[in-house]
Amino acid sequence: MTGPSRYTGLLRVDRRTTSSGVSTNATVSYDEGAAIGYRYYDAKGLSPQFPFGYGLSYTTFAHGSLEATYNASTRTVSLTVTVTNNGSRRGTDVVQIYATLPAAAATVEPRRLAAFRKLTLASGAKQRTTCTIPADDLSIWHAGNWTLVPGLYTFATARNSRAMTVQRTLTIR
């Protein structure tokens, strides 16, 4: 990091050093709040050339049959999805699970990566995989506390932060 950036919302560093190179004053400003990485692009309505989680493969995968449940006693969300290798060779897929928060929390952060799972499948193979998300991972920082906002959550599997494949909604109270 070398100093202020001309792009808004990015990390800025004010760094002063002595002749020996020792820092005398370093100030880091986090003005962007939660809008960093893919969240910055979401907030600004921009489409990056290579979205967060983007990757190439020598085969193709499909996500289907997504099931979502919320267990109030353990305060966890369980998502089970079928991943199919539709290609002609063995390959690896990273199933990303994004959570869209209720409208009351959307001003803070509309969507977040909640879980991911890496699977290697032979050509034509199919596998069910489950991701468990603690409700605390869906909380937002509000009024000095981590708060789980009650309401309608949408969970989607994705290839990257821009390519959602299957989705389900759950009400969490």
Side-chain angles (χ1 to χ4, degrees), residues 9-10 32-72 74-142 146-173:
L10 299 179
E32 68 278 351
I36 57 173
Y38 67 90
R39 295 178 192 134
Y40 173 83
Y41 293 102
D42 286 349
K44 299 294 182 185
L46 301 172
S47 293
Q49 184 174 359
F50 300 104
F52 176 78
Y54 177 85
L56 296 175
S57 178
Y58 290 105
T59 190
T60 56
F61 293 91
H63 303 159
S65 301
L66 179 63
E67 296 172 11
T69 58
Y70 177 66
N71 184 325
T74 60
R75 293 180 39 99
T76 57
V77 174
S78 292
L79 297 144
T80 303
V81 63
T82 300
V83 180
T84 306
N85 180 346
N86 291 327
S88 60
R89 58 175 51 196
R90 178 181 178 89
T92 301
D93 187 32
V94 178
V95 179
Q96 300 169 41
I97 308 287
Y98 287 87
T100 301
L101 307 182
T107 57
V108 175
E109 179 186 9
R111 186 171 46 109
R112 71 173 60 161
L113 178 65
F116 61 92
R117 180 87 65 231
K118 184 177 179 178
L119 300 171
T120 300
L121 298 173
S123 174
K126 206 182 265 203
Q127 183 176 333
R128 297 275 294 159
T129 188
T130 300
C131 293
T132 302
I133 304 166
D136 289 345
D137 289 357
L138 302 171
S139 298
I140 62 167
W141 184 255
H142 178 71
W146 287 104
T147 305
L148 179 65
V149 177
L152 190 64
Y153 286 75
T154 301
F155 295 93
T157 63
R159 299 188 197 308
N160 60 60
S161 66
R162 291 289 191 264
M164 304 300 144
T165 52
V166 203
Q167 68 180 28
R168 292 290 176 265
T169 57
L170 279 177
T171 300
I172 299 177
R173 298 186 199 287

Subject >> Check: T80/T130 side-chain N/O donor and acceptor closer than 3.5 Å >> reply: yes
Original post:
Does one side chain, of T92 or T120, offer a donor that lies under 3.5 Å from an acceptor on the other?
Top reply: yes
Could you give the distance from [atom1] ([X]) to [atom2] ([Y]), rounded to the nearest 0.5 Å?
X: N160; Y: F52; atom1: CG; atom2: CZ; value: 10.0 Å
X: M164; Y: T100; atom1: CE; atom2: OG1; value: 7.0 Å
X: T154; Y: R168; atom1: OG1; atom2: CZ; value: 11.0 Å
X: W146; Y: D137; atom1: CH2; atom2: CG; value: 10.0 Å
X: R112; Y: I97; atom1: CZ; atom2: CD1; value: 15.0 Å

Original post:
Should L148 and R75 be marked as a side-chain contact (heavy atoms from CB on, under 4.5 Å) after you check the CA-CA gap, both sets of side-chain angles, and the distance that decides it?
Top reply: CA-CA 10 Å; L148 179 65; R75 293 180 39 99; 4.2 Å; yes
Identify the heavy atoms of [X] and [Y] that sit nearest to each other, and give their distance.
X: S161; Y: Q96; value: N-OE1, 4.1 Å
X: A35; Y: Y40; value: O-CB, 3.4 Å
X: I140; Y: A105; value: CD1-CB, 3.9 Å
X: L113; Y: A115; value: CD1-O, 3.5 Å
X: V95; Y: L119; value: CG2-CD1, 4.4 Å
X: S123; Y: G87; value: OG-O, 2.7 Å

Does a side-chain heavy-atom distance below 4.5 Å link [X] with [Y]?
X: R117; Y: T157; result: no
X: F61; Y: T84; result: no
X: L170; Y: F155; result: yes

Original post:
Would one find more than 12 heavy atoms of other residues, nucleotides or ligands at under 6.0 Å from atom CZ of R89?
Top reply: no
**OP:** Run through T76, I133, V77 and flag the one making a side-chain contact (heavy atoms from CB on, under 4.5 Å) with Y70.
**Re:**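 Considering T76, I133, V77, a side-chain contact (heavy atoms from CB on, under 4.5 Å) with Y70 is found only for V77.
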**OP:** Go through the steps for R173 and T171 under the test side-chain contact (heavy atoms from CB on, under 4.5 Å), then give the verdict.
**Re:** CA-CA 7 Å; R173 298 186 199 287; T171 300; 3.8 Å; yes
**OP:** Let me see the working for L79 and V81 under side-chain contact (heavy atoms from CB on, under 4.5 Å), right down to the final yes or no.
**Re:** CA-CA 7 Å; L79 297 144; V81 63; over 6 Å; no
Original post:
Which one of T129, D93, T82 satisfies the side chain to side chain donor-acceptor pair (under 3.5 Å) criterion with H63?
Top reply: D93
Subject >> Near-ring test Y38/Y98, centroid separation under 6.0 angstrom >> reply: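 Yes, they do, as the ring centres are separated by less than 6.0 Å.
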Original post:
Any ion pair linking D42 and R162 (charged N to carboxylate O, less than 4.0 Å)?
Top reply: yes
**OP:** Before giving the answer on side-chain contact (heavy atoms from CB on, under 4.5 Å), spell out for V149 and H142 the whole-Å C-alpha distance, their side-chain angles and the decisive distance to 0.1 Å.
**Re:** CA-CA 10 Å; V149 177; H142 178 71; over 6 Å; no
Original post:
Judged by atom type as modelled, is there a donor-acceptor pair below 3.5 Å linking the side chain of N85 to the main-chain atoms of L121?
Top reply: yes
Subject >> Main-chain N/O of T59 paired with S57 side-chain donor or acceptor, under 3.5 Å >> reply: yes
